[in-house]
Amino acid sequence: MKNAVIAEMFDRMADVLELKGEISFKVNAYRRASRAIQNLEEDIETIWNEERLHQIPGIGTGLAKKIDEYLRTDHMSKYDEIVQSVPPELVDLLHIQNLGPKTLAVAYQKLHVENLEDLKKVLENGSLAQLPNMGEKKIENIRKGIALREKGRERISLGIALPLVERLIHELRKIPHVGRIYPAGSVRRMCETVGDIDILVEAEESERVIDTFGSFSEITRMISRGKTKSSVLIEGDLQVDLRVIPRDSFGAALQYFTGSKAHNVRLRRIAKKQGCQINEYGIFRGEKKIGGAKEEDIYEALGMQWIPPELREDRGEIDLAMESRLPDLVELYDINGDFHVHTRWSDGSASIEKMAEKAAALGYHFIGICDHSQSAGYANGLTPERILEQIREIERLNTQNNDICILAGTEVDILADGRLDYSDDLLARLNIVIAAVHSGFKKRVTERMIAAARNPHVTILAHPTGRLLFQREGYIVDLEQVIRACVDTGTALEINCNEERLDLNDRHIRFAKEQGAKLAIGTDAHHPHQMDYLRLGLGMARRGCCEKKDVLNCLSVNTLRSH
DNA sequence: GCCGTTTTCGGCCCGACTGTTTTCAGTCG
């Protein structure tokens, strides 16, 4: 699959063109094409083979020709020409905060800055400060940008960001005369990783909110502070942008700052065609404001359904909304249980009872106890004798407690030789079997996972790609084949909610759903509080267009038992 | 470089904030 490579090439070309002062529209055309290719669910080579490149929005004659050349010859002459026209390391400097293409271009032309080393030198010797429009503060800001970049970590997992956002919102709520408070941006869209946090606060008196926010103890540095907007860094150098918005334009601002950028650009074009204009203050027909207090105003005025934030990526949701055909996304209240939790029996930190209590507190009807199997020595995996004992214990608890149905299960290892870690006889005695690859990541993984899916006792395939965010690419596996096997056998694919996993991700989920597969959300909780992370998996499911019928967690206990 | 039932040429989203200016350029989102 060459989608990522080609998307990356176009993005790189955009960077260089921007640096060379090319008109912004051309730069944007490359960026838009890059995003469109990244968002493809199909292999671009398939699309190319079927001569459908021009159907990709943002790909016209010119870019299609470049893609064609690359797929035919493994080479793109325009890419070489553009990228080789500037020193390779120069382009990377564009990702330094407060240093944009204009400044960098001048530094390159006048001071021959070609890499980070050079940049630091001209900062030190004062020659950068001699350039026009350069003052002490700009120099200082570029220094800070470099420091931030050298510390690394550009994005964090949604699982880290979300609790942080909730804490900030909790504090902001205490300010008097404050109305709606929402996270915006990638957090509201439930993107798997988050670059910064946007929070919108509804209030007429903005200064009090800005002042109070500025006094929060979490803040490590104030970046900017205006009348309606404040940017700060909080613990771990995460940027938080706070905006204070009056009531009558709050909806428009929420729409605007939720993004995504691609979604908004598309929406604006449609508005323009209809003789309207959208900005962060509202939607206007001529001089007349026709909406803006509620987010729904914007979509309604354009004659479309309100679009859930998780879908706002310009992946076809706008067309669906225009035709009133948006999926009815699965909601938190549809969820009847969690399939994948661990207890003290293996490597969890709580008893079965404690996990069940937490599930009941969440309003669930069932919980799947799925401790590790015998080969998982590192995780205190259960021998056949111990899991039989655990089944008896669960039966005993179920007779005592009617609040919640505890399902006896296992997270059984798919061994390197393709067998499962328990006998079929033993697996047959369990309510749920989650099969998981924990070793042999490069050994015939596709084959092993398909074999597991074909085992009649296996209910769910755990974390199907094995990726760990920021750490590990995942198994060498042909996921499309695995998904098709799951469709054939009625095996569900897991959406693992662990903050580092989020596996399957949104695109895979959408593909699986379209193929007719079922999804099962599991928190993989090793402690009761981690069961709260179900909403991460739910976010992924929603981003993947899942409806109630696609998600096993929405089944009642009885239907689930027969399933 | 893309796009089009108002256009095959002439548009392409736009405002806040900062910093360096003295009316605006650059950066960001």
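Lettering of chains follows the sequences in order, A, B, ..., and the numbering in each one begins at 1.
Atoms CD1 (A:Ile223) and C1' (B:dT27) sit 13 Å apart, rounded to a whole Å. Atom pair A:Gln255:CD and B:dC14:P shows a separation of 14 Å (rounding to whole Å applied). Between A:Leu94 atom CG and B:dG26 atom P the separation is 14 Å, expressed in whole Å. In this entry the distance linking CZ of A:Arg269 with C1' of B:dC3 reads 7 Å, nearest Å. Rounded to whole Å, the distance from CZ on A:Phe284 to P on B:dC14 is 12 Å. Between the CZ atom of A:Arg243 and the C1' atom of B:dA16 there is a distance of 8 Å, rounded to whole Å. Between the CD atom of A:Gln277 and the P atom of B:dC12 there is a distance of 11 Å, given to the nearest Å. One can place CG of A:Asn98 at 9 Å from C1' of B:dT18, the figure rounded to the nearest angstrom.
Within 4.0 Å (heavy atoms only), A:Lys65 reaches no atom of the nucleic acid at all. Using a 4.0 Å heavy-atom distance criterion, A:Thr103 is classed as a sugar-phosphate-only contact.
Inspection of the A:Gln38 and A:Glu8 side chains reveals no N or O donor paired with an N or O acceptor under 3.5 Å. Side-chain contact of A:Glu117 with A:Asn115: a donor-acceptor pair under 3.5 Å is absent, judged by distance alone. A:His463 and A:Asn498 are not linked by any side-chain donor-acceptor pair at a separation below 3.5 angstrom, with hydrogens and angles left out of the test. Side-chain atoms of A:Ser85 and A:Lys20 form a donor-acceptor pair, as typed in the model, at a separation below 3.5 Å. A:Glu204 and A:His177 are not linked by any side-chain donor-acceptor pair at a separation below 3.5 angstrom, with hydrogens and angles left out of the test.
For A:His54 and A:Phe257, each mapped to the nucleotide of DNA chain B holding its nearest heavy atom, the one lying further toward the 5' end belongs to A:His54. Nearer to the 5' terminus of DNA chain B, by closest-nucleotide assignment, is the contact made by A:Pro57 (compared with the other of A:Pro57 and A:Ser230).
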Point to revise | Working for salt bridge (charged side-chain N to carboxylate O under 4.0 Å, His left out), residues A:Glu295 and A:Arg312 | key: CA-CA 13 Å; A:Glu295 199 178 44; A:Arg312 299 183 196 170; 2.8 Å; yes

Exercise for review: Evaluate the criterion side-chain hydrogen bond (donor to acceptor under 3.5 Å, both in side chains) for residue pair A:Gln255 and A:Tyr299; output intermediate values, then yes/no.
Suggested key: CA-CA 9 Å; A:Gln255 196 289 317; A:Tyr299 292 95; 3.1 Å; yes

Review point. Yes or no on side-chain hydrogen bond (donor to acceptor under 3.5 Å, both in side chains) for A:His529 and A:Asp532, after CA distance, side-chain angles and deciding distance?
Key: CA-CA 6 Å; A:His529 78 79; A:Asp532 291 325; 5.6 Å; no

Review point. Should A:Tyr30 and A:Leu63 be marked as a side chain to side chain contact (heavy atoms under 4.5 Å, CB included) after you check the CA-CA gap, both sets of side-chain angles, and the distance that decides it?
Key: CA-CA 8 Å; A:Tyr30 275 94; A:Leu63 291 178; 3.6 Å; yes

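Listed in residue order, the members of residues 10-32 of chain A having a heavy atom less than 4.0 Å from DNA chain B are A:Ile23, A:Phe25, A:Lys26, A:Ala29, A:Tyr30, A:Arg32. Within residues 303-320 of chain A, no residue has a heavy atom under 4.0 Å from DNA chain B. Residues from residues 128-140 of chain A lying near DNA chain B, meaning a heavy-atom separation below 4.0 Å, are A:Asn133, A:Met134, A:Gly135, A:Glu136, A:Lys137, A:Lys138 in numerical order. For the contact set between residues 108-126 of chain A and DNA chain B, defined by any heavy atom under 4.0 Å, there are no members.
Closest to the side chain of A:Lys102, from the set B:dT27, B:dC28, B:dC13, is B:dT27. Of the candidate nucleotides B:dC13, B:dC28, B:dG1, B:dC13 has the atom nearest to the side chain of A:Val265. Of the candidate nucleotides B:dC13, B:dC2, B:dG29, B:dC13 has the atom lying nearest to any side-chain atom of A:Arg268. Comparing B:dT27, B:dC17, B:dC13 against the side chain of A:Tyr256 picks out B:dC13 as the nearest.
Using atom C1' as the reference point in both B:dG10 and B:dG15, the two lie 24 Å apart (nearest Å). With both ends at atom P, the span from B:dC12 to B:dC17 equals 25 Å, rounded to whole Å. The same atom, C1', is picked in B:dT8 and in B:dG1; the two are 15 Å apart, to the nearest Å. Straight-line distance between the P atoms of B:dT21 and B:dA16: roughly 24 Å, to the nearest whole Å. A distance of about 9 Å separates the C1' atoms of B:dT20 and B:dA25, rounded to the whole Å. Taking atom C1' in both B:dC2 and B:dC13, one finds a spacing of 16 Å when rounded to whole Å.
Checking each of A:Arg35, A:Arg189, A:His263 against A:Glu313 for a side-chain hydrogen bond (donor to acceptor under 3.5 Å, both in side chains) leaves exactly one that passes, namely A:Arg189. Exactly one of A:Ile67, A:Leu71, A:Ile37 qualifies for a side-chain contact (heavy atoms from CB on, under 4.5 Å) with A:Leu53. That residue is A:Ile67.
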Run the side-chain donor-acceptor check on residues 126-141 of chain A: report pairs under 3.5 Å with partners two or more places apart or on a different chain.
{"from": "A:Ser127", "atom 1": "OG", "to": "A:Asn125", "atom 2": "OD1", "distance (Å)": "2.6"}
{"from": "A:Lys138", "atom 1": "NZ", "to": "A:Asn133", "atom 2": "O", "distance (Å)": "3.4"}
{"from": "A:Asn141", "atom 1": "ND2", "to": "A:Lys137", "atom 2": "O", "distance (Å)": "3.4"}

Listing, residues 242-252 of chain A side-chain donor-acceptor contacts under 3.5 Å, not counting sequence neighbours, or none:
none

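Residues A:Lys548 and A:Asp328 are not paired through a salt bridge, judged by the lack of any N-O separation under 4.0 Å between the basic side chain and the carboxylate. Using a 4.0 Å cut-off between a side-chain N of Lys or Arg and a carboxylate O of Asp or Glu, A:Glu124 and A:Arg143 qualify as a salt bridge.
Across every strand in view, B:dT8 sits unpaired, with no contact that passes the Watson-Crick or G-U test at under 3.5 angstrom.
In this structure, A:Gln239 does not reach the B:dC28 phosphate: none of its side-chain N or O atoms is under 4.0 Å from OP1 or OP2. Contact check, A:Lys66 against B:dG1: a side-chain N or O comes under 4.0 Å of OP1 or OP2. For B:dA16, the OP1/OP2 oxygens have a side-chain nitrogen or oxygen of A:Tyr281 closer than 4.0 Å. Checking the phosphate oxygens (OP1, OP2) of B:dC17, a side-chain nitrogen or oxygen of A:Thr228 falls inside 4.0 Å. Between B:dC12 and A:Lys272, a contact under 4.0 Å exists linking OP1 or OP2 to a side-chain N or O.
A cation-pi contact links A:Arg188 to A:Tyr182, judged by a cut-off of 6.0 Å to the six-membered ring centre and 45° from its axis.
B:dT7 adopts a syn glycosidic conformation, its chi angle falling within 90° of 0.
In this structure, CD1 on A:Ile142 lies 7.0 Å from CG on A:Leu119, to the nearest 0.5 angstrom.
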